[in-house]
Amino acid sequence: MILFDSTKNFRTRLSDLLKAKRGVYANLPDEIKQEFKGADIEKIRNNRDMILIQNEAIIVKLRLPDKKMQLSKANGYRLIYMVSTTKERVVFLDIYPKRGPMQQIDINAKDLTRLLMDFNFEDENGTLEKYNF
């Protein structure tokens, strides 16, 4: 069974997106659920949007559609997650929309490094939280 965890950064970002005016991003939890529903760990590991492989972890920038706004994967959301190469574990690190009032075009190396440092800190201190679908 795959274990899904999330960092504080991911939870904060998701919460902020869900509070956006007029519920612009309200469908986001459903898009995440749909992407991982029934997926096996190999499919999750072998995503073609890998951006970094480090030690026993693969960092992926996954493209998700925004069906509510009728946006394709290219214009929807970016979910940054880490998947273990040795365990059935996925950790959600960040999420951002490509369009809308809280849009972000890309993630830079400095931000990615910060996300990994935050993950390491939370993992060592036991503050990661389970992500429930």
Side-chain angles (χ1 to χ4, degrees):
M1 187 168 116
I2 302 172
L3 176 65
F4 291 93
D5 288 323
S6 64
T7 62
K8 182 178 180 185
N9 180 78
F10 173 82
R11 294 187 305 274
T12 299
R13 181 82 86 132
L14 181 61
S15 176
D16 290 347
L17 290 169
L18 293 175
K19 292 176 189 172
K21 286 185 178 181
R22 298 182 309 261
V24 175
Y25 306 116
N27 209 36
L28 185 51
D30 292 335
E31 300 298 347
I32 296 170
K33 181 179 182 177
Q34 188 64 33
E35 185 64 32
F36 291 93
K37 182 181 176 183
D40 65 21
I41 194 68
E42 287 308 313
K43 179 183 181 234
I44 295 170
R45 282 186 188 126
N46 295 320
N47 188 297
R48 61 185 174 91
D49 292 327
M50 286 185 262
I51 55 177
L52 179 67
I53 299 175
Q54 184 179 36
N55 301 325
E56 294 182 0
I58 301 168
I59 310 301
V60 177
K61 178 170 68 173
L62 179 67
R63 297 167 185 229
L64 295 172
D66 184 342
K67 293 176 185 163
K68 182 176 183 194
M69 293 178 56
Q70 299 178 338
L71 296 174
S72 68
K73 287 183 176 187
N75 293 311
Y77 303 102
R78 298 298 180 264
L79 173 62
I80 309 299
Y81 69 85
M82 182 173 59
V83 60
S84 171
T85 59
T86 59
K87 303 174 189 169
E88 291 195 350
R89 182 181 189 201
V90 176
V91 180
F92 297 137
L93 304 173
D94 196 10
I95 190 157
Y96 58 89
K98 290 281 287 190
R99 301 283 184 263
M102 298 174 76
Q103 76 179 9
Q104 179 178 327
I105 302 303
D106 204 359
I107 187 165
N108 61 41
K110 181 180 171 184
D111 290 335
L112 188 58
T113 300
R114 181 187 53 79
L115 291 172
L116 292 174
M117 288 173 47
D118 290 349
F119 160 75
N120 286 328
F121 178 81
E122 290 183 50
D123 193 37
E124 289 172 7
N125 290 295
T127 58
L128 292 171
E129 289 185 14
K130 200 174 275 195
Y131 185 81
N132 297 312
F133 290 101

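The first residue in the sequence is number 1, and the count goes up from there.
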Decide yes or no for [X] and [Y]: does some side-chain heavy atom of the first lie under 4.5 Å from some side-chain heavy atom of the second?
X: Pro97; Y: Leu17; value: yes
X: Leu3; Y: Lys130; value: yes
X: Leu14; Y: Phe92; value: no
X: Ile107; Y: Arg78; value: no
X: Lys8; Y: Thr127; value: no
X: Tyr96; Y: Arg13; value: yes
X: Leu93; Y: Asn9; value: no
X: Ile41; Y: Val90; value: yes

If you round to the nearest 0.5 Å, how far is [atom2] of [Y] from [atom1] of [X]?
X: Leu64; Y: Phe36; atom1: CG; atom2: CZ; result: 7.0 Å
X: Asp106; Y: Gln104; atom1: CG; atom2: CD; result: 7.5 Å
X: Leu112; Y: Leu116; atom1: CG; atom2: CG; result: 5.0 Å
X: Glu31; Y: Lys33; atom1: CD; atom2: NZ; result: 12.0 Å
X: Asp5; Y: Asp123; atom1: CG; atom2: CG; result: 8.0 Å

Which heavy atom in [X] sits nearest to a heavy atom in [Y], and how many Å separate them?
X: Lys21; Y: Val24; value: O-CG2, 3.0 Å
X: Pro65; Y: Tyr77; value: O-CD1, 3.5 Å
X: Lys98; Y: Asn75; value: CB-O, 3.6 Å
X: Tyr25; Y: Asp66; value: CD2-OD2, 4.5 Å

List the atom pairs, with distances to 0.1 Å, where a side-chain N or O of residues 79-88 and a protein N or O form a donor-acceptor pair under 3.5 Å, not counting sequence neighbours.
| from | atom 1 | to | atom 2 | distance (Å) |
| --- | --- | --- | --- | --- |
| Tyr81 | OH | Ile44 | O | 2.9 |
| Ser84 | OG | Thr86 | N | 3.1 |
| Ser84 | OG | Thr86 | OG1 | 3.3 |
| Ser84 | OG | Lys87 | N | 2.9 |
| Thr85 | OG1 | Glu56 | O | 3.2 |
| Thr86 | OG1 | Glu56 | OE1 | 3.4 |
| Glu88 | OE1 | Met1 | N | 3.2 |

**Asked** Name the one of Asn120, Thr113, Leu115 that satisfies side-chain contact (heavy atoms from CB on, under 4.5 Å) with Met117?
**Response** Thr113
**Asked** Can you get from Phe133 to Ile95 by hopping between Ile, Leu, Val, Met, Phe, Trp and Tyr side chains that sit under 4.5 Å apart?
**Response** yes
**Asked** Around atom CD of Glu42, are there more than 12 heavy atoms of other residues, nucleotides or ligands at under 6.0 Å?
**Response** yes
**Any donor-acceptor N/O pair, Asn125 side chain to Phe121 backbone, under 3.5 Å** = yes
**Prompt:** So, the side chain of Arg11 versus the backbone of Ser6: is there a donor-acceptor pair under 3.5 Å, distance only?
**Reply:**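 Such a contact is found between Arg11 side chain and Ser6 backbone.
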**Asked** Yes or no on side chain to side chain contact (heavy atoms under 4.5 Å, CB included) for Met102 and Lys19, after CA distance, side-chain angles and deciding distance?
**Response** CA-CA 11 Å; Met102 298 174 76; Lys19 292 176 189 172; over 6 Å; no
